[in-house]
Amino acid sequence: MQTITLTQPDDWHLHLRDGVNMASVVAATARCFARAIIMPNLKPPITTVNQAIAYKKQIVNIDNNFKPLMTLYLTDNTSVDEIVKLKDFPDIVAVKYYPAGATTNSDSGVTDLAKVWQVLEAMQKYDIPLLIHGEVTAATTDVFDREKLFIESVLDPLIENFPELRIVLEHITTQEAVEYVTSRNNKLAATITAHHLLMNRNDLFTGGIRPHHYCLPVLKRETHRQALLKAATSGNPKFFLGTDSAPHAISSKETSCGCAGIYSAPAAIELYAEAFEQVQALDKLEAFASFYGADFYHLTRNTEKITLKKHTWKMPSHFEFGTQKVVPIRAEQEIYWQLAK
Ligand code: NCD
Ligand code: ZN
């Protein structure tokens, strides 16, 4: 049987939710990943150091072998003082910028970058990475063009003004994002999800509307998927793993106005292996999954190993999600790689 052994990977973009919903979600990630960057888009969002510490405690109480790397949610009201505090809290590693209204729980997001200018200056000074949900939000903008327009109209001017700020353009979905990230210096990196490497926008409509394939940024056309595959498997350290695994209860997905988010944690590394195998690049998986993210965040690389075997198994129809249920990616379908226990 074919097997591959990798240094234990980390997930550089993850949603764990909170309260009773967390237990199964933390376990799904901790079965494989050593660390993860925990997104702060709770309700209410994690905007302060104290909230981030309390949230971290909730996570570690579920599994104290798993290392959550916390983030603050940037709002129009974030203070410079809160940023200055971060130098004493090494487990809070970044600040997340959601344009207001861009995605799930982004109502408190930034309405105008001018409002957070001093905060960005402080982040640049203290070398705190800014993680960006890169989509413009104007209702008149075509949903498939939001990332491309964000890069031109927001990201490029931002980088001109803050050339020393470390930035991660999260969950990139377009050829334009690949080209832009490649063209800039090593202060700019990007995460890529497994679902954007494996699916295109046809997967939203195969045989009917597929709410469990709806995420933001939305799936794009095949040429973009090919560009993402090329970037992920290029060996360029600017591109690394971030699942954006984002569970929602079935009742919030299978409804007339369903939430955005794909729950991929139960098969995340297996799906990345499948994507890399599609382009005969399994030899590039370890650095993408286990080295480049740690290097970008100035953290040590993991030393434990994991093994994946080529073995077909069937993803369950659902998992427990607090008192509700969540449908994972590939529910009741085959997965071709499996993490060895
Ligand atoms: C995320 C969520 O549900 O929190 N949803 C998603 O579609 N990716 C938010 C986000 O990362 O945009
Ligand atoms: Zn996300």
Side-chain angles (χ1 to χ4, degrees), residues 1-16 25-38 63-69 93 168 170-172 178 181 186 189-199 225 228-245 262-315 328-330 334-341:
M1 185 193 297
Q2 195 185 348
T3 64
I4 45 175
T5 298
L6 309 175
T7 299
Q8 191 176 15
D10 303 302
D11 185 350
W12 302 99
H13 184 123
L14 177 66
H15 299 271
L16 287 181
V25 178
V26 171
T29 289
R31 80 191 169 93
C32 169
F33 296 101
R35 299 171 286 197
I37 297 263
I38 311 303
D63 184 341
N64 66 11
N65 283 319
F66 174 67
K67 173 121 176 120
L69 302 166
V93 301
V168 183
E170 298 289 339
H171 42 52
I172 59 167
V178 167
V181 171
N186 64 6
T191 52
I192 304 181
T193 76
H195 48 272
H196 290 106
L197 290 174
L198 287 169
M199 295 194 284
R225 186 181 81 88
L228 296 175
L229 264 177
K230 208 168 160 194
T233 59
S234 64
N236 184 336
K238 289 156 96 39
F239 299 102
F240 47 81
L241 184 156
T243 64
D244 195 18
S245 179
I262 294 179
Y263 183 45
S264 60
I269 196 67
E270 294 87 345
L271 292 172
Y272 280 106
E274 181 180 324
F276 276 60
E277 189 182 29
Q278 266 182 15
V279 289
Q280 292 84 44
L282 279 170
D283 60 318
K284 297 289 200 299
L285 181 60
E286 182 179 42
F288 173 84
S290 317
F291 298 161
Y292 299 151
D295 297 350
F296 181 86
Y297 280 95
H298 302 166
L299 296 168
T300 55
R301 294 178 180 181
N302 297 321
T303 50
E304 305 278 303
K305 304 277 178 198
I306 63 158
T307 299
L308 293 170
K309 49 187 183 178
K310 190 80 186 280
H311 172 74
T312 299
W313 55 285
K314 198 165 154 198
M315 177 62 88
I329 192 169
R330 290 270 176 94
E334 290 182 341
I335 310 274
Y336 307 110
W337 287 88
Q338 190 170 43
L339 184 70
K341 289 274 165 349

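Note that the structure is a prediction, hence the values are computed from the model and not measured.
Counting all heavy atoms, side chain and backbone alike, N302 lies closest to D10 at ND2-OD1, 2.8 Å. Contact detail for I335 and A267: the closest heavy-atom pair is CD1-CB, 3.9 Å. The two residues I329 and M315 make their nearest non-hydrogen contact at O-CG, 3.5 Å. Summarising the geometry of V178 relative to F239, their closest heavy-atom pair is O-CZ, 3.8 Å, with the distance given to 0.1 Å. In this structure, L197 and R225 approach most closely via the heavy-atom pair O-NH1, 2.7 Å. In this structure, T29 and A265 approach most closely via the heavy-atom pair OG1-CB, 3.5 Å.
Side-chain atoms of Y336 never come within 3.5 Å of backbone atoms of E270 as a donor-acceptor pair (strictly under, hydrogens ignored). Not one N or O on the side chain of R301 forms a donor-acceptor pair closer than 3.5 Å with the backbone of D295. In this structure, T5 contributes its side chain and T307 its backbone to no donor-acceptor pair below 3.5 Å. At least one donor-acceptor pair under 3.5 Å links the side chain of Q8 to the backbone N or O of C32. Side-chain atoms of T3 do not come within 3.5 Å of backbone N or O of K309 as any donor-acceptor pair. Distance alone, capped at 3.5 Å, places no donor-acceptor pair between the T191 side chain and the H13 backbone.
To the nearest 0.5 angstrom, D11 atom CG is 7.5 Å from S264 atom OG. Rounding to the nearest 0.5 Å gives a distance of 10.5 Å between CG of L228 and NE2 of H195. Atom NZ in K238 sits 10.5 Å away from atom CD1 in I172 (nearest 0.5 Å). Note that CG of L285 and CG of L241 are 8.0 Å apart. Values are rounded to the nearest 0.5 Å.
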Problem set entry | Trace of the side chain to side chain contact (heavy atoms under 4.5 Å, CB included) decision for I4 with F276 | CA-CA 12 Å; I4 45 175; F276 276 60; over 6 Å; no
### Task
With side chain to side chain contact (heavy atoms under 4.5 Å, CB included) as the test, would you mind laying out the steps for R35 and L299 before giving the verdict?
CA-CA 11 Å; R35 299 171 286 197; L299 296 168; 3.7 Å; yes
Could you go through the side chain to side chain contact (heavy atoms under 4.5 Å, CB included) check for T243 and L14 one step at a time? CA-CA 6 Å; T243 64; L14 177 66; 4.0 Å; yes
Please test N236 against Y292 for side chain to side chain contact (heavy atoms under 4.5 Å, CB included), starting from the C-alpha separation and ending with a verdict.
-> CA-CA 9 Å; N236 184 336; Y292 299 151; over 6 Å; no
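Counting heavy-atom neighbours within 6.0 Å of E304 CD, excluding the residue itself, gives a total of 12 or less.
Using the six-membered ring where Trp is involved, F240 and W12 have ring planes that are perpendicular, over 60° apart on the 30 and 60° scheme.
The closest side-chain heavy-atom distance from L308 to Q338 is not below 4.5 Å. Residues F66 and L16 form a side-chain contact, since some pair of their non-hydrogen atoms from C-beta on lies under 4.5 Å apart.
Evaluation of the salt bridge (Lys or Arg N to Asp or Glu O under 4.0 Å) test over residues 279-291, restricted to residues two or more places apart or in two chains, returns none.
A salt bridge links R330 and E274; the closest N-O separation between the charged side-chain nitrogens and carboxylate oxygens is under 4.0 Å.
Side-chain contact check for E277 and W337: at least one donor-acceptor pair (N or O, by modelled atom type) lies under 3.5 Å.
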